Protein chains: 2
Amino acid sequence: MFDFDKLDKLIHERGRLGIMTLLATRASWPFQDLKAELKMSDGNLVTHLRTLHDAGHVAITKEVQNDRPQTSYALTAKGRAAFTEYLAVLESIVKAGRNE
Amino acid sequence: MFDFDKLDKLIHERGRLGIMTLLATRASWPFQDLKAELKMSDGNLVTHLRTLHDAGHVAITKEVQNDRPQTSYALTAKGRAAFTEYLAVLESIVKAGRNE
DNA sequence: ATCTAAACTTTGTCTTGCAAAGTTATACTT
DNA sequence: AAGTATAACTTTGCAAGACAAAGTTTAGAT
């Protein structure tokens, strides 16, 4: 009936789902903005981002803005594709849950 | 922007999300049917069901069908409400993820 | 009494999230 | 150059939780 294995575990975890959702809404997110929005500790956030990066879902850009180092994160094409697929599963769950 | 804390951890975990989704589609599910559908081990399934039961989300009914003991599970009113709320969060994520 | 299947419990392992503290990197100030 | 400040990252350790496997209990059938 449902293939819950399709619920990509990498994306499904709450912290990373938050990251992926935010990244999907803008072309690029500075680390500090993600941190403020998600209220995660530095270490936790960096680790999740690295996990997503290692999976090829997130691109990392380092530059200097206003005389401060700034690292920004963005979805890769692969990341966007994976997220889109993940969202399709979510949608089918929402529909099923509402008996549609 | 998003309140990811609202993503009820109890429901969000893959195994239990599967259970809740199935329970939402029918009035009642026998243990064996859940097991077949979700392909979980007895122990794992029972544990998740007990967790949901302890949270007041799932009701348990024991009877005998065809000369075999049969335990059936159903959403409680509280469980349905919690799941509905959870689905609303999912839906907002889907929308955000698609830039709607 | 024994068999069988359903349902449940126990046990142990392994993963993973997470925070706290420490480290490195970069740029500014004195 | 030395010190300061902030960003970003790493390390460490712990705690929670998923999960499977094996063992236990229950209840009816033979």
Side-chain angles (χ1 to χ4, degrees), chain A residues 2-23 28-55 57-74 82 86, chain B residues 2-23 28-55 57-74 82 86:
Chain A
F2 268 106
D3 196 357
F4 289 97
D5 293 339
K6 273 198 156 183
L7 261 193
D8 188 346
K9 232 182 154 180
L10 201 78
I11 299 177
H12 189 64
E13 193 278 325
R14 242 175 39 175
R16 288 190 296 269
L17 178 54
I19 293 173
M20 293 293 283
T21 304
L22 291 185
L23 292 187
S28 173
W29 281 76
F31 182 85
Q32 289 301 319
D33 291 4
L34 287 176
K35 183 179 157 190
E37 197 70 48
L38 296 167
K39 284 154 199 151
M40 290 187 200
S41 65
D42 283 29
N44 191 15
L45 182 50
V46 154
T47 302
H48 281 316
L49 285 166
R50 187 173 50 220
T51 300
L52 290 170
H53 173 70
D54 291 349
H57 289 171
V58 166
I60 304 180
T61 308
K62 304 194 182 210
E63 49 189 339
V64 174
Q65 285 285 338
N66 303 324
D67 299 327
R68 297 247 171 278
Q70 186 185 63
T71 305
S72 289
Y73 300 85
Y86 174 83
Chain B
F2 268 105
D3 196 357
F4 288 98
D5 292 340
K6 273 198 156 185
L7 261 194
D8 188 345
K9 231 182 155 182
L10 202 78
I11 299 177
H12 189 64
E13 192 278 325
R14 244 176 38 176
R16 289 189 297 269
L17 177 54
I19 293 172
M20 292 293 283
T21 305
L22 291 185
L23 291 187
S28 173
W29 280 77
F31 182 85
Q32 290 299 322
D33 292 4
L34 287 176
K35 184 179 157 190
E37 196 71 47
L38 296 168
K39 284 155 198 147
M40 289 187 201
S41 66
D42 283 30
N44 191 15
L45 182 51
V46 153
T47 303
H48 281 316
L49 285 166
R50 186 173 49 221
T51 300
L52 291 169
H53 173 68
D54 290 350
H57 289 171
V58 167
I60 304 180
T61 308
K62 306 195 183 208
E63 50 189 339
V64 175
Q65 285 285 337
N66 303 323
D67 299 327
R68 297 248 168 278
Q70 186 185 64
T71 306
S72 290
Y73 300 84
Y86 174 83

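Proteins get letters first, then strands, A, B, ... in listed order; numbering begins at 1 in each. Owing to the predicted nature of the structure, the values given are computational and were not obtained by experimental measurement.
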Colleague: Heavy atoms only: give me the nearest Phe31(B)-Val46(B) pair and the separation to one decimal.
Modeller: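 Closest approach of Phe31(B) to Val46(B): CE1-CG2, 3.4 Å.
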Colleague: Using the side-chain contact (heavy atoms from CB on, under 4.5 Å) definition, which of the options Asp8(A), Thr47(A), Thr21(A), Leu52(A) pairs with Arg16(A)?
Modeller: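 Among the candidates, only Leu52(A) passes.
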Colleague: Which letter, B, S or -, goes with each nucleotide of nucleotides 1-7 of chain C from 5' to 3', with contact meaning a protein heavy atom under 4.0 Å?
Modeller: ----SSB
Colleague: Once rounded to the nearest 0.5 Å, what's the spacing between atom CG of Leu22(B) and atom CG of Leu38(B)?
Modeller: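 Reported value, rounded in 0.5 Å steps: 5.0 Å.
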Colleague: Round to a whole Å and report the spacing from CG of Leu38(A) to P of dA19(C).
Modeller: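 One finds 12 Å between P of dA19(C) and CG of Leu38(A), rounded.
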Colleague: Within residues 8-20 of chain B, find the residues that approach DNA chain C with a heavy atom at under 4.0 Å, and present them sorted by residue number.
Modeller: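 Nothing qualifies; none.
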Colleague: What's the verdict on side-chain contact (heavy atoms from CB on, under 4.5 Å) for Asp54(A) and Arg50(A), showing C-alpha distance, side-chain angles and the deciding distance?
Modeller: CA-CA 6 Å; Asp54(A) 291 349; Arg50(A) 187 173 50 220; 3.8 Å; yes
Colleague: For Lys9(A) versus Arg14(B), what's the shortest heavy-atom pair and its separation?
Modeller: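 Heavy atoms of Lys9(A) and Arg14(B) come nearest at CG-NH1, 3.8 Å.
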Colleague: Roughly, in whole Å, what's the span from CG in Leu52(A) to P in dT16(C)?
Modeller: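 So the CG-P distance, Leu52(A) to dT16(C), works out to 13 Å.
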Colleague: Under a criterion of less than 4.0 angstrom to any heavy atom of chain B, what are the 5'-terminal and 3'-terminal contacting nucleotides of DNA chain D?
Modeller: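 In short, chain B contacts DNA chain D from dA18(D) to dA29(D).
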Colleague: Taking only residues two or more places apart in sequence, or in another chain, which ones meet Gln32(B) in a side-chain contact (heavy atoms from CB on, under 4.5 Å)?
Modeller: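 Applying side-chain contact (heavy atoms from CB on, under 4.5 Å) to Gln32(B) gives Lys35(B).
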Colleague: Once you measure the plane-to-plane angle for His12(B) and His12(A), does it fall in the parallel (<30°), tilted (30-60°) or perpendicular (>60°) bin?
Modeller: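 It falls in the parallel class, under 30°.
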Colleague: Are His48(A) and dC18(C) close enough that a side-chain N or O sits under 4.0 Å from OP1 or OP2?
Modeller: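 Checking His48(A) against dC18(C): at least one side-chain N or O falls below 4.0 Å of OP1 or OP2.
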Colleague: Take the protein atom NZ of Lys35(A) and the nucleotide atom C1' of dA19(C), then report the distance between them rounded to whole Å.
Modeller: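 In whole Å, dA19(C) C1' and Lys35(A) NZ are 13 Å from each other.
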Colleague: Which pair of non-hydrogen atoms, one from His57(A) and one from Ala82(A), has the smallest distance, and what is that distance?
Modeller: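 Smallest interatomic distance, heavy atoms only, reads NE2-CB, 3.6 Å.
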Colleague: Once side-chain contact (heavy atoms from CB on, under 4.5 Å) is applied, do any residues pair with Thr71(B), and if so which ones, sequence neighbours excluded?
Modeller: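 By the side-chain contact (heavy atoms from CB on, under 4.5 Å) rule, Thr71(B) matches Ile60(B), Lys62(B), Tyr73(B).
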Colleague: What residues, two or more places apart in sequence or in another chain, satisfy side-chain contact (heavy atoms from CB on, under 4.5 Å) together with Pro69(A)?
Modeller: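 Checked Pro69(A) against side-chain contact (heavy atoms from CB on, under 4.5 Å); zero matches.
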Colleague: Looking only at heavy atoms, which two atoms of Glu63(A) and Ser72(A) are closest? And how far apart?
Modeller: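 That closest heavy-atom pairing would be OE2-OG, 4.5 Å.
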Colleague: Using whole Å, what does the distance between atom P of nucleotide dC8(C) and atom CG of Leu49(B) come to?
Modeller: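 That distance rounds to 8 Å.
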